[in-house]
Protein chains: 2
Amino acid sequence: MREAKRKRLESRGWKIGNAKDFLNLSPEESAFIEMKLELAESLRAHRERQNLTQVELAKLVKSSQSRVAKMEAGDPSVSMDLLVRSLLALGASKRKVVKIISPLKRSSAI
Amino acid sequence: MREAKRKRLESRGWKIGNAKDFLNLSPEESAFIEMKLELAESLRAHRERQNLTQVELAKLVKSSQSRVAKMEAGDPSVSMDLLVRSLLALGASKRKVVKIISPLKRSSAI
DNA sequence: TGAGTCTATGTCCATTCTGACATATACTCA
DNA sequence: TGAGTATATGTCAGAATGGACATAGACTCA
């Protein structure tokens, strides 16, 4: 719990300041964290783009809302595997932007 | 042990034939496996280009020869995290790695 | 032939990650 | 106000993955 919290804070630090040497991280470690954060942001962006809630995405990837929240928060407890899998699931998802437009044209939206 | 072997064979199958529906894998699962195999190949390529043995690479990434062998073999027991970390440790650029694992950019799905 | 080197495979136990649950916060709307 | 909905955070038991070890196979060289 100590370590977990520290790591989470570190991630946040990266997200905001993006300082090179925020803490004693090797270049590879930094690159790895940055990649995970990019995936996390991308995940949120794509989810919102498709007007899905975290609960819906969770169902889509057979996970839970809380884990989706952690994915998007760049929580250190989520693996790159899970992030990538989720992105793939979102990409393959055929549920579209229908929700907003549906009153006008029902169902036609792809 | 049963399941593990099955998955390993599947991976091999993909590597060779790259048949779409070799076994009942969803498109996302297939894409994910293919990504891991690309990372695995890339890892071996990088290592060999630098004339390192598996033992030396293992030392570099604080792992063991057997695990390196499994990484390069695309064994299902190795995570994408480990593959990416190892590639970065070998000096692969973040950009290059992202190119392999960033799903939605390459598959055009939104 | 046999020793040396490199890689592959199986197994074990410890560490890490995951889904699920509980709970809290924030926002909207009536 | 309070109910409804969406997201955030903590926790934990079980699943997935990790390093290490043993061992086998393939190859070279003397």
Distance (rounded to the nearest 0.5 Å) between Leu57(A) CG and Glu48(A) CD: 11.0 Å

field: Student check: side-chain heavy atoms of Thr53(A) and Glu56(A) closer than 4.5 Å
entry: yes

task: Please report, rounded to the nearest Å, how far the P atom of dT15(C) is from the CG atom of Leu82(B).
output: 17 Å

- request: Side chain of Ser79(B) only, please: which of dT7(C), dG10(D), dT17(D) is the nearest?
  value: dT17(D)

- prompt: How close or far is atom P of dG19(D) from atom CG of Asp81(B), stated in whole angstroms?
  reply: 12 Å

message: Rounded to whole Å, please give me the gap between CG in Leu57(B) and P in dT5(C).
response: 19 Å

Leu39(B) and Met80(B), any side-chain heavy atoms less than 4.5 Å apart: yes

- prompt: Are any non-hydrogen side-chain atoms of Leu87(A) and His46(A) less than 4.5 angstrom apart?
  reply: yes

- prompt: Can you check the Asn51(B) CG to dT5(C) P distance for me, whole Å?
  reply: 17 Å

message: Whole angstroms only, please: what is the NZ-P distance between Lys36(A) and dT16(C)?
response: 13 Å

message: What is the separation between atom CD on Glu48(A) and atom P on dT7(D), rounded to the nearest whole Å?
response: 7 Å

- prompt: Which nucleotide in the set dG19(C), dG18(D), dA8(D) lies at the smallest distance from any side-chain heavy atom of Arg67(B)?
  reply: dG18(D)

task: Can you figure out which of dT7(D), dT18(C), dA20(D) approaches the side chain of Ser66(B) most closely?
output: dA20(D)

- request: May I have the distance from Lys59(A) (atom NZ) to dA6(D) (atom P), rounded to whole angstrom?
  value: 11 Å

task: Describe the nucleic acid contact of Ser64(A) in one word from base, sugar-phosphate, nothing, applying a heavy-atom distance below 4.0 Å.
output: base

- prompt: Checking all strands, does Lys70(A) fall into the base, sugar-phosphate, or nothing category for heavy-atom contacts under 4.0 angstrom?
  reply: base

field: Residue Arg47(A), side-chain atoms from C-beta onward, closest of dA22(D), dT7(C), dT7(D)
entry: dT7(D)

- prompt: Under 4.0 angstrom, heavy atoms only, what part of the nucleic acid is Val68(B) near: base, sugar-phosphate, or nothing?
  reply: nothing

- prompt: Between dT18(C), dT7(D), dG18(D), which one does the side chain of Ser77(A) approach most closely?
  reply: dT18(C)

- prompt: So, do Gln54(B) and Arg47(B) sit near enough that their side-chain heavy atoms are less than 4.5 Å apart?
  reply: yes

message: In this structure, how many angstroms lie between the C1' atom of dA8(D) and the CG atom of Asp75(A), rounded?
response: 11 Å

statement: Winner on side-chain proximity to Gln65(B), out of dA8(C), dT9(D), dC17(C), is dA8(C)

